[in-house]
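One structure is given below, encoded as structure tokens.
Since this is a predicted model, take the numbers as computed values, not measurements.
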Amino acid sequence: MSSCRNLVPSPSGPSIKEAKPLTSAPELSVVLPCLNEARTLRECIETIQHTLKEHGIHAEIIVADNGSTDESVSIAQTMGVRVVSVPLKGYGSALVGGITAAAGKYVLVGDCDATYDFSHIPRFLVKLREGNDLVMGNRFQGGIAVGAMPALHRYLGNPALSLIGRIFFHAECGDFHCGLRGFTKTAYEKLGMCTTGMEFASEMVVKATLAGLQVTEVPTTLSPDKRSHPSNLHTWRDGWRHLRFMLLYSPRWLFLYPGLMLILAGLVVSACLLPRPRTVDGVVFDIH
């Protein structure tokens, strides 16, 4: 987990390769973290633009480019969206760069690999307008298409980590790691986000819960990605980073409760050995 100092924007802010100015401040900023997503980026932007136009939402689209070497940047520029260059590598870094540049009252982030349905944007916006600070998508409520999520993630990784998050922090969230989520810019600025990797997803929910912010969920769906390259998600490495973050932010579960269990176990063993030594398979156990 990286230090917060690594993510503090420079005085000049993120590098903006192209920005299409709006006549007034947008209500919503849609931020897309991007690393070599030329194959799917156009489709995502087209869906977002159609949804915004259909529902009359005054919004901007920002592509937070994390060092793409394909045609992602040129595609975004051709379609008239803002491109923010984020040199510090990592999913969390890309999001921080894009969100920092966002001008909207509300921000919605989503992966641009065509797995999320951006026509669901109005669902998130309605909840934000109602006064919620963080609106999470829940893929388990909305539906996960066949082949969209590896079985290990669907039946073990995501449910287990989300359960741990609910136990540790009492967070009312059934899908901690959904990449499609909306929040107010004001609430985001209160969180002091630090992580640079995939654990950014957990950090946002954990910190929002600890800060007493209003968090809710809406159903959304997950489709198989259409990338031409392997996913940037690494099962065990990123799973450990999520778990490590939650442990570090819950010292009771990391230190207090395990310590109490060890003390209790020691007392029980001592009580059994105080009357006399115990022999198990020829091995003598005594208080020494």
Side-chain angles (χ1 to χ4, degrees), residues 16 18-34 37 40-65 72 75-84 94-95 98-145 148 173-175 178-189 201 204-205 208 213-226:
I16 300 177
E18 178 176 334
K20 186 177 181 180
L22 296 169
T23 56
S24 60
E27 179 185 24
L28 175 69
S29 296
V30 181
V31 176
L32 306 175
C34 179
E37 305 290 2
T40 54
L41 183 59
R42 183 181 300 277
E43 177 184 340
C44 292
I45 293 175
E46 286 177 346
T47 301
I48 295 169
Q49 290 175 332
H50 175 76
T51 301
L52 298 177
K53 181 178 180 180
E54 181 181 12
H55 293 271
I57 301 171
H58 184 42
E60 64 175 349
I61 303 173
I62 298 174
V63 170
D65 182 66
S72 297
I75 290 172
Q77 291 173 333
T78 300
M79 301 186 73
V81 306
R82 298 175 66 192
V83 177
V84 177
L95 285 174
I99 297 167
T100 300
K105 177 181 179 181
Y106 307 120
V107 180
L108 182 135
V109 300
D111 302 340
C112 52
D113 56 3
T115 55
Y116 291 111
D117 188 347
F118 287 103
S119 68
H120 293 168
I121 288 175
R123 301 182 183 182
F124 292 82
L125 192 55
V126 165
K127 292 295 183 180
L128 289 170
R129 287 170 175 169
E130 289 177 355
N132 292 286
D133 299 298
L134 172 61
V135 183
M136 295 291 300
N138 190 316
R139 298 165 292 181
F140 298 98
Q141 292 179 356
I144 300 173
C173 183
D175 188 1
C178 182
L180 189 61
R181 58 184 67 187
F183 44 88
T184 68
K185 184 73 178 288
T186 301
Y188 170 81
E189 291 171 345
M204 179 173 284
V205 181
L213 302 184
Q214 187 66 37
V215 182
T216 190
E217 291 184 309
V218 295
T220 193
T221 57
L222 188 72
S223 302
D225 71 63
K226 301 177 182 179

Just wondering, do [Y] and [X] contact through their side chains at under 4.5 Å, heavy atoms?
| X | Y | answer |
| --- | --- | --- |
| D117 | S223 | no |
| Q49 | V81 | yes |
| K105 | T184 | no |
| V205 | R181 | yes |
| E27 | R129 | yes |
| V84 | T100 | no |
| D225 | T40 | no |

[atom1] of [X] to [atom2] of [Y]: how many Å apart, nearest 0.5 Å?
| X | Y | atom1 | atom2 | value |
| --- | --- | --- | --- | --- |
| I62 | L108 | CD1 | CG | 12.0 Å |
| S29 | I99 | OG | CD1 | 10.0 Å |
| I75 | L41 | CD1 | CG | 6.0 Å |
| K127 | Q214 | NZ | CD | 10.0 Å |
| M79 | C44 | CE | SG | 9.5 Å |
| Y106 | D133 | OH | CG | 10.0 Å |

Only counting residues at least two apart or in another chain, list the ones meeting ring-ring contact (aromatic ring centres under 6.0 Å, His included) with F183.
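Per chain and number, F183 pairs via ring-ring contact (aromatic ring centres under 6.0 Å, His included) with Y188.
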Between E60 (side chain) and P26 (backbone), is there a donor-acceptor pair under 3.5 Å?
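Looks like no, no N/O pair under 3.5 Å.
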Treating T221 as the side-chain partner and G143 as the backbone partner, does any N or O pair qualify as donor plus acceptor under 3.5 Å?
no
Between V218 and V135, is a side-chain contact (heavy atoms from CB on, under 4.5 Å) present by the stated rule, with each step listed?
CA-CA 7 Å; V218 295; V135 183; 4.0 Å; yes
Just jot down the side-chain contact (heavy atoms from CB on, under 4.5 Å) partners of E189, sequence neighbours excluded, or say none.
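So E189 forms a side-chain contact (heavy atoms from CB on, under 4.5 Å) with K185.
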Could you walk me through whether I48 and L32 satisfy the side-chain contact (heavy atoms from CB on, under 4.5 Å) test, starting with their C-alpha distance in whole Å, then the side-chain angles of each, then the deciding distance to 0.1 Å, before giving a yes or no?
CA-CA 11 Å; I48 295 169; L32 306 175; 3.9 Å; yes
With sequence neighbours excluded, what pairs up with [X] under the salt bridge (Lys or Arg N to Asp or Glu O under 4.0 Å) test?
| X | value |
| --- | --- |
| E43 | K226 |
| R139 | D175 |
| E54 | none |

Stepwise side-chain contact (heavy atoms from CB on, under 4.5 Å) check, F118 with I45:
CA-CA 9 Å; F118 287 103; I45 293 175; over 6 Å; no
Only one of V63, V109, I121 passes side-chain contact (heavy atoms from CB on, under 4.5 Å) with V30, and that residue is I121
Give the minimum heavy-atom separation between T220 and C178, together with the two atoms involved.
CG2-SG, 3.9 Å
With E217 via side chain to side chain donor-acceptor pair (under 3.5 Å) - residues at least two apart:
N138
